[in-house]
*Asks:* 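Sharing a structure here in structure tokens format.
Small disclaimer: the values here were computed from a predicted structure and weren't measured.
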Amino acid sequence: MKEPPLSSLRGFVTLHVSGPQVEKFINAVTGAGIIIWDVRPAGDGASLNLLLDDFFRLRPLLKKTGCRMHVTARHGLPFRLARLWRRKFFAAGILIFGVGLLLLSSMIWSVKVEGNTRIPTEDILEAARKEGVYPFQWIWRMQESDELSRELTTLVPGLTWAGFHRNGTSITIQVVEADRPDNKPLLSQRHLISRTDAVVTEIYAEQGRPVVSRNSRVKKGDILISGALGDEENTEFVVAKGMVKGLVWHEYNLEVPLKRTGSAYTGERKDRTYLVLGKWAIQLWGYGDSGFAKSRTLSEPDMLSWRSFQLPLGLMTEKELEIKYTTEALTSEAARAEGLTRAKSDIFARYGADSVIKSQKILHEKKENGKVYMKVLFEVEERIAEELPIVNN
Amino acid sequence: MTRIGRRLRGWTNGILDLPQDVLQEMPRITLIGNKELYIENHRGVLHFSSEQLRLALTQGVLEISGEGLVIRNILGQELAVIGVIGEIRYKESGENP
């Protein structure tokens, strides 16, 4: 045993005892049951350590043995507290700082909502506020996150799932919105009428009353599927829906040149690199003539930029690509085939890709000024329905 | 203590084989190297300096000399000394405190 237990907590003092009979004093102290330790001779007396509680029992012993003492050092918590008490406001500051840090860090400072696209963030935050999740709320007053997420899901319509995640003093509400079916487009009441003169080949009414039948001739503007149901007196208008196909004749005047010119890159190229400074460009590489008869030049500026600022400094690469022009002479058959192909693709583009060309007939054909002129009649089965809104007035 | 009592005590010691310091008031001295010294059953400090320490016993005086002697703790009749211990001398007849 070196020193009594918890001596630094109870406080102890180092004394210097001097006098004629230090030994007697030591014997008296031990006789009184006072614990002393680290007794070492020093100067004309001895220095020793003593518990603070026993300090005040020393006085009669000192008087009896005729010794003097003075305190050389004080150790332990009671002395520290006394010293701290002298600096009350400093101590209070430390305490207030600690408490403040603790309180402020156990407070929600920010609430964020993630994952919402349709439901406004404000609505979710308002619902969360009702559950007790809002800035400057104590964290310990919050409910468990699974409880919160269940209640929030019931509180906000259109939410499939809500998750609360706390990271320090900020809360992230992760939500998943319920999928909703797409809204159907609103349609006004209408008839389906014919876009052009035709012979009906197929009619199918999904909604509305079919007025024409197969193989009947219709004129442009004739009602094919009527949106008016009922008789003269009791009429109800609906949105006519359906599909009507009919045979339509298209006449095309085509002209196809017999010579076809085209250009192609030969694959030869020459690159030039420039250093660009503002308005000026200084060529770095690629000096010399390319030697191409025909060429096309493409330039690619590659300017330096810092964030969103474009700096007036950069590199520019110029590519000179050699071009070869080719001329091809077409036979009249090939020219005719090309003209027909062009006309057919025009029909498909205009009247729908599901159009079927039933027959084609070249009515007239002549070769003149290096071109082939043709007049062709196409018989096409295509969609002929067009919408006509019903206006009630 | 009467003569009979002393003889009885000596006899019980012999029979029971007890250590002397338990029955008779003799000091038990434990020395660890030349660094630490534990003395039990002393009867007070007679002299104390860093070179010499004299302790009173029931019979005689214990003289301890060395260098840098420090009483590490003292509690009742127990005493621990640290330092460089050179000599321990036991004086049978000495002045009693």
*Asks:* So for atom CD, which belongs to E147(A), do other residues, nucleotides or ligands contribute more than 12 heavy atoms lying within a distance under 6.0 Å?
*Replies:* yes
*Asks:* Would a 4.5 Å heavy-atom cut-off, applied to side chains only, mark L37(B) and L79(B) as touching?
*Replies:* no
*Asks:* Crowded around W140(A) CH2? As in, over 12 foreign heavy atoms under 6.0 Å?
*Replies:* yes
*Asks:* Side-chain polar contacts of residues 156-170 of chain A - donor-acceptor pairs under 3.5 angstrom, sequence neighbours left out - could you list them?
*Replies:*
residue, atom, partner, partner atom, Å
T160(A), OG1, A178(A), N, 3.3
R166(A), NH1, G168(A), O, 2.8
S170(A), OG, N167(A), O, 3.2

*Asks:* Counting only non-hydrogen atoms closer than 4.5 Å, can you tell me which residues of residues 39-73 of chain A sit against chain B?
*Replies:* V39(A), R40(A), P41(A), A46(A)
*Asks:* Just verifying a value: how many Å separate Q59(B) CD and M26(B) CE, rounded to the nearest 0.5 Å?
*Replies:* 6.5 Å
*Asks:* Mark yes when over 12 heavy atoms from residues, nucleotides or ligands other than Q310(A) sit less than 6.0 Å from its CD; otherwise mark no.
*Replies:* yes
